Number of protein chains: 2
Amino acid sequence: MVKKRAGLVEALKEAGFRMTPQRTAICEALSTRFDHPTAQSLYEQVKAEYSSLSLTTVYQTLDTLLRIGAITSLGSAGDDTIHFEVNTDPHINLACLTCHRICDLNSTAIKALEAEVQQAIGSKVLSGRVVYYSECLEQSDPLDCQFNPASRHKEGRVDE
Amino acid sequence: MVKKRAGLVEALKEAGFRMTPQRTAICEALSTRFDHPTAQSLYEQVKAEYSSLSLTTVYQTLDTLLRIGAITSLGSAGDDTIHFEVNTDPHINLACLTCHRICDLNSTAIKALEAEVQQAIGSKVLSGRVVYYSECLEQSDPLDCQFNPASRHKEGRVDE
DNA sequence: TGCAAATATGTAATGATTACTAAGAAGGAA
DNA sequence: TTCCTTCTTAGTAATCATTACATATTTGCA
Ligand SMILES: [Mn+2]
Ligand SMILES: [Mn+2]
Ligand SMILES: [Zn+2]
Ligand SMILES: [Zn+2]
């Protein structure tokens with residue numbers, strides 16, 4: 001059973017943005033994805049039941065969500081494409097350089113890390129990005145992306 | 001007085017790559033930069049005393065250094081451009097979304113963080129990326145990029 | 001010195017993202 | 001409900017960092 005996050009639509013409303021079926025669908029898709037999707041990936045998913053959807057709209061919605069701080073950007077996972085972060089809890093991200101999926105890893109040390117950053121620069125931290133790159137098990141379900149040491153992908157290149 | 005790192009040229013030699021004046025100059029430039037430069041930035045710096053240098057050569061050399069693991073990629077600092085990491089010690093990076101420079105921040109918690117990652121996925125971590133975004137003081141010397149809470153840039157957008 | 005393989009350069013291509021604009025929809029006022 | 005203003009969408013074109021390619025040059029070694 002898949003948990004589901006909430007709050008993206010609410011965040012848009014609170015920030016005074018209008019609600020459209022496109023935005024609702026994109027937020028809905030985002031809230032059920034745990035692989036840190038790209039714009040293209042979200043586009044394909046939502047377009048399936050919203051054939052008129054434009055890729056531009058996806059980019060615009062993501063940009064809006066970024067600006068209000070509802071999501072953040074994790075950058076590339078070896079595919080030169082931006083992956084988006086919906087999980088606002090401090091955590092570690094594990095990116096697979098072969099299948100280009102990113103999984104969350106709970107961490108206790110990350111709290112201390114953020115404390116160090118706060119201490120160093122004050123309270124104006126806008127966002128953070130903690131990603132480690134490796135090779136995961138190849139599994140179809142993002143939730144099973146366990147990054148188990150056994151039987152990884154063959155090789156990968158670390159480029160942005 | 002500015003410290004200077006060493007080892008990039010040696011790393012290339014050990015990996016069996018040929019040495020050229022271009023590569024030497026690019027490695028030299030990299031080892032004296034503490035702002036996590038971009039390809040374009042390195043190009044401009046080295047081109048000043050190497051007028052025949054090509055931007056492609058800079059990209060190729062950076063890619064080679066990435067492949068042998070001598071440097072890593074930190075991704076964008078709000079400028080949609082790849083910034084490179086020369087400091088191989090585990091540390092936190094502070095990126096300024098206005099001047100797009102990245103400074104190092106020593107951290108003790110980062111050790112625990114990496115231990116968690118190792119534990120979770122084994123020893124095959126290829127590289128890591130720990131970056132926090134904010135606004136720094138505007139100062140010309142990268143080493144003085146202190147991210148002091150007082151008098152920051154006005155505003156910044158968090159996009160990749 | 002001579003040669004094969006690696007590298008540098010200049011240019012063209014790629015591709016993700018952004019800019020632009022006309023058409024369409026949301027939401028408040030009447 | 002209807003109207004109107006403003007925001008949003010969708011389609012297309014433009015941007016620009018990065019990569020691919022083809023040639024000329026250089027390196028490292030015999
Ligand atoms: Mn995450
Ligand atoms: Mn650094
Ligand atoms: Zn994988
Ligand atoms: Zn700054």
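Given the structure is predicted, the values throughout are model-derived calculations rather than measurements.
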Of the candidate nucleotides [options], which contains the atom at the shortest distance from the side chain of [X]?
X       : options               : result
A:Gln60 : D:dT18, C:dA8, C:dC20 : C:dC20
A:Pro21 : C:dA26, C:dA8, D:dG11 : C:dA26
B:Tyr59 : D:dA17, D:dT8, C:dT9  : D:dA17

Side-chain H-bond candidate by donor/acceptor type, [X] with [Y], under 3.5 Å:
X        : Y       : value
A:Arg23  : A:Thr57 : no
B:Glu44  : B:Gln40 : yes
B:Asp104 : B:His36 : yes

TODO: Tell whether A:Arg18 reaches the base of D:dT6 with its side chain through a donor-acceptor pair below 3.5 angstrom.
DONE: yes
Task: Donor-acceptor pair present, A:Thr56 side chain and D:dT12 base, under 3.5 Å - done: yes
Open item on the list: Do B:Phe84 and B:Leu74 make a side-chain contact, defined as non-hydrogen atoms from C-beta onward lying under 4.5 Å apart?
Closed with: no
TODO: For C:dT9, take OP1 and OP2 only and decide whether either is under 4.0 Å from a side-chain N or O of B:Ser52.
DONE: yes
- [ ] Could you check B:Met19 against A:Lys47 and say which one's nearest nucleotide on DNA chain D is further toward the 5' end?
- [x] A:Lys47
- [ ] Round to a whole Å and report the spacing from CG of B:Asp79 to C1' of D:dA17.
- [x] 11 Å
